[in-house]
Amino acid sequence: MSGTLTLPAPAPHRVFGRRAARALRGAAGVLLLLVGWQISVPLVGMSSYFYPAPSDVVASFTDLVRKGILPVYFADSMERYFAGLIAGALLGVVFGVLIGLHRTVAVTLSPLLKFLFAIVEVAWIPIFVVWFGYGWKTIFLALIYVVFFPVLYNTLLGVRTAPQILVNALRSLGASRWQVLCYAILPSALPGIITGLRVGAGFAFRGLVFAEMVAAKTGIGYLIFEGTQTQQTARTIVGMVVMGLTWLAIDLCYLRPLERATIERWGLTVDAEQRT
Amino acid sequence: MSARVDVPVDAHRAAMRPLVPPTWLGTLPFLLLLVAWWLLPRVVQYPSYMLPPISAVLDFAWESIRDGTLARNVVASLARLATGFVIGMALAIPLGLAIALNRFVADMFRPVLSFLQAIAGIAWVPLTIIWFGIGNGSVIFVIANTIFFASLYNTVIGVQSIPTSLYRAVRSHGGSGIALLTNLILPGALVQLLLGVRTSMAYGWRALVASEMIAGSSGLGYMTMEAVQWQRTDVIILGMIVIGLIWVVMDRTLFTVIERRTVGRWGLLQR
């Protein structure tokens with residue numbers, strides 16, 4: 001099209017410049033959304049119960065913070081989330097290694113595990129409610145459930161696909177079973193464990209919000225649900241915004257670095273979601 | 001290095017072959033589970049509403065199959081899922097392409113999209129109850145919303161992840177406009193979109209069941225949650241089993257096939 005033949009090599013400082021420009025454009029997009037929303041409110045002309053404005057949401061946010069409701073709810077939600085996530089991940093890794101080390105056991109159990117994972121955690125909540133009532137037990141178990149299976153499945157797969165050469169090499173150098181596990185099998189299963197954790201963490205976050213809507217009296221999910229029940233729709237939106245920002249923060253601060261430190265660094269990008 | 005020791009192929013194969021075919025082995029845990037479920041009330045005393053005997057679940061299953069309530073609920077749920085999926089995709093792909101074709105606009109919308117994707121799904125239920133009331137409208141909105149934002153995000157990412165060298169290749173062969181769109185941008189975006197379909201459907205399925213539990217007036221989610229009030233655990237357990245079975249079937253038939261037909265064939269399974 002144009003007559004130029006030489007492509008200018010990107011100067012090192014331009015990478016930073018492009019990133020800054022991207023961030024700026026992104027901020028402009030967020031601003032545009034907020035302004036558009038605020039402008040649309042008088043045009044829609046509905047009551048704030050039906051369609052609250054961003055200013056209502058901000059007012060509701062400061063109100064919730066000042067009354068100390070939001071910090072408590074937020075802390076409760078995070079406590080539940082990370083407790084469930086960690087417990088589910090630990091159980092998944094332990095059982096994944098135990099099952100994965102035995103070929104026959106792995107073959108025997110995997111259809112059942114697949115089926116249990118297909119019964120989504122949401123579907124377990126009614127029966128957990130019957131068994132344990134409305135409360136933290138139900139939420140905690142649902143979260144463990146949803147993290148457990150992806151981690152288990154991917155750990156199992158990682159253990160099963162550990163390079164036999166490495167295992168043989170260690171064995172022939174006189175390593176004990178424990179050493180083989182620690183130096184060959186676990187490291188090669190690690191990318192699988194992380195991908196499983198990532199999948200489970202995403203499902204668990206939505207699961208948390210749903211479980212809190214149904215079975216809790218505190219937490220972000222409860223805030224979202226209770227807001228509309230009490231005709232304070234702005235509170236519902238505060239809850240949704242907090243939920244979204246929290247997820248983005250968890251993704252950015254925990255999951256992405258974890259992935260970068262393990263999967264990407266070793267060049268072992270396995271497509272996790274496709275496997276579950 | 002590769003001084004191979006000659007192993008007779010047949011002997012090797014025989015050693016590898018398991019004693020029992022793996023498909024049979026896989027049914028064993030299911031059988032054990034059923035036996036344990038059958039034995040449990042005979043060994044331990046507990047109120048039968050906690051865990052009904054197998055016979056109760058089977059009776060209810062038979063009854064609800066015969067009078068058609070189960071089929072009605074399944075069809076209601078699947079129809080909502082399909083409607084939500086079609087609406088979400090139909091809106092997301094053109095809009096996603098329009099956004100993604102301009103780098104400036106794409107950069108502008110990405111943070112908003114990832115935020116909206118983070119809250120997509122069940123969190124909208126309270127709002128949709130206000131907007132559309134209890135029933136179909138709310139549930140379909142939640143599913144369409146889940147699918148829409150996931151697909152929109154994937155379309156934008158898909159277009160942006162097309163290597164610049166490919167653009168240059170098409171351009172240097174004189175392709176532009178429609179040719180560029182149909183030969184490069186659409187297939188390029190499609191890869192990411194199809195890779196994302198299974199994940200967004202997994203979220204959509206959860207959102208369906210969850211929103212039916214809160215805002216539904218029929219469907220599998222409604223059926224299981226409604227049963228809690230009457231402590232009808234036989235209904236709950238049947239609902240769970242059906243929910244699991246449907247997902248397994250969808251996964252086996254739809255997603256695996258889509259994946260093999262498209263992404264696998266193009267050899268683009270990498271991220």
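Quick note on labels: first sequence line is chain A, next is B, and so on, each numbered from 1. Just so it is clear, the structure is predicted and the values come from calculations on it, not from any experiment.
When the heavy atoms of residues 46-54 of chain A are compared with those of chain B, the residues falling under 4.5 Å are A:Tyr49, A:Phe50, A:Tyr51, listed by number. Listed in order of number, the residues of residues 224-232 of chain A that approach chain B to under 4.5 Å between heavy atoms are A:Ile224, A:Phe225, A:Thr228.
Of all the heavy atoms in B:Ile122 and B:Val142, the pair that sits closest is N-CG1, 4.1 Å. For B:Met223 against B:Asn73, the heavy-atom pair with the smallest separation is SD-ND2, 3.4 Å. In terms of heavy atoms, B:Ala215 sits closest to B:Val139 at O-CG2, 4.2 Å. When every heavy atom of A:Leu248 is checked against every heavy atom of B:Ala118, the shortest pair comes out as CD2-CB, 4.3 Å.
One finds a salt bridge joining B:Arg80 and B:Glu212 here, because a Lys/Arg side-chain nitrogen approaches an Asp/Glu carboxylate oxygen to under 4.0 Å.
When atom types are taken as modelled, the side chain of B:Ser200 and the backbone of B:Ile147 share no donor-acceptor pair closer than 3.5 angstrom. When atom types are taken as modelled, the side chain of B:Arg168 and the backbone of B:Thr164 share no donor-acceptor pair closer than 3.5 angstrom. Checking side-chain atoms of A:Asp251 against main-chain N and O of A:Trp247 turns up no donor-acceptor pair under 3.5 Å. Proximity of a side-chain donor or acceptor of A:Arg22 to a complementary backbone N or O of B:Asp107 within less than 3.5 Å is not detected. Distance alone, capped at 3.5 Å, is enough to place a donor-acceptor pair between the B:Ser211 side chain and the B:Leu208 backbone. A distance-only check finds no donor-acceptor pair linking the side chain of A:Tyr222 to the backbone of A:Tyr73 [under 3.5 Å].
Neither the backbone nor the side chain of B:Leu113 comes within less than 4.5 Å of any heavy atom in chain A. Looking at A:Leu33, only its side chain comes within 4.5 Å of chain B, counting heavy atoms on both sides. For B:Ile214, the part lying under 4.5 angstrom from a heavy atom of chain A is the side chain only. In this structure, chain B has no heavy atom under 4.5 Å from any part of A:Ile220. Of the atoms belonging to B:Ala120, it is backbone heavy atoms, and not side-chain ones, that fall under 4.5 Å from chain A. Contact annotation for A:Thr236: only side-chain heavy atoms (C-beta onward) come within less than 4.5 Å of a heavy atom of chain B. For B:Ile243, the parts lying near chain A are the backbone and the side chain together; criterion is any non-hydrogen pair under 4.5 Å. Heavy-atom distances place both the backbone and the side chain of A:Val241 under 4.5 Å from chain B. A:Val105 does not touch chain B: none of its heavy atoms, backbone or side chain, sits under 4.5 Å away. Proximity to chain A (any heavy atom under 4.5 Å) is shown, for B:Leu127, by both the backbone and the side chain. Both the backbone and the side chain of A:Val30 have a heavy atom closer than 4.5 Å to some heavy atom of chain B. For chain B, the nearby part of A:Leu32 is the side chain; its heavy atoms alone come within less than 4.5 Å. With a threshold of 4.5 angstrom between heavy atoms, B:Trp124 approaches chain A through its backbone and through its side chain.
In this structure, the ring of A:Phe117 has its center no less than 6.0 angstrom from the ring center of A:Tyr153.
A side-chain N or O of B:Gln160 and one of B:Arg110 form a donor-acceptor pair less than 3.5 Å apart.
Between A:Tyr145 and A:Phe128, the ring planes are perpendicular. Angles over 60° get that label, and only those under 30° would be called parallel.
Most heavy-atom pairs under 4.5 Å with chain A, from the set B:Val105, B:Val125, B:Leu245: that is B:Leu245. For chain A, the option among B:Gln231, B:Met225, B:Arg103, B:Met213 with the highest count of heavy-atom pairs below 4.5 Å is B:Met213. Chain A forms the most heavy-atom pairs under 4.5 Å with one residue out of B:Ile130, B:Val112, B:Val209, and that residue is B:Ile130. Listed options B:Trp247, B:Tyr49, B:Phe115 were ranked by heavy-atom pairs under 4.5 angstrom with chain A; first place goes to B:Phe115. Counting heavy-atom pairs closer than 4.5 Å to chain A, the top residue among B:Met108, B:Gln117, B:Met250, B:Arg206 is B:Arg206.
The ring-ring contact (aromatic ring centres under 6.0 Å, His included) search around A:Tyr134 returns none, not counting sequence neighbours. Residues forming a side-chain contact (heavy atoms from CB on, under 4.5 Å) with A:Leu113 (at least two apart in sequence, or on another chain): A:Ile99, A:Leu109, A:Phe149, A:Leu152, A:Leu156.
Counting only heavy atoms from C-beta outward, the side chains of B:Asp251 and B:Arg198 approach each other to under 4.5 Å.
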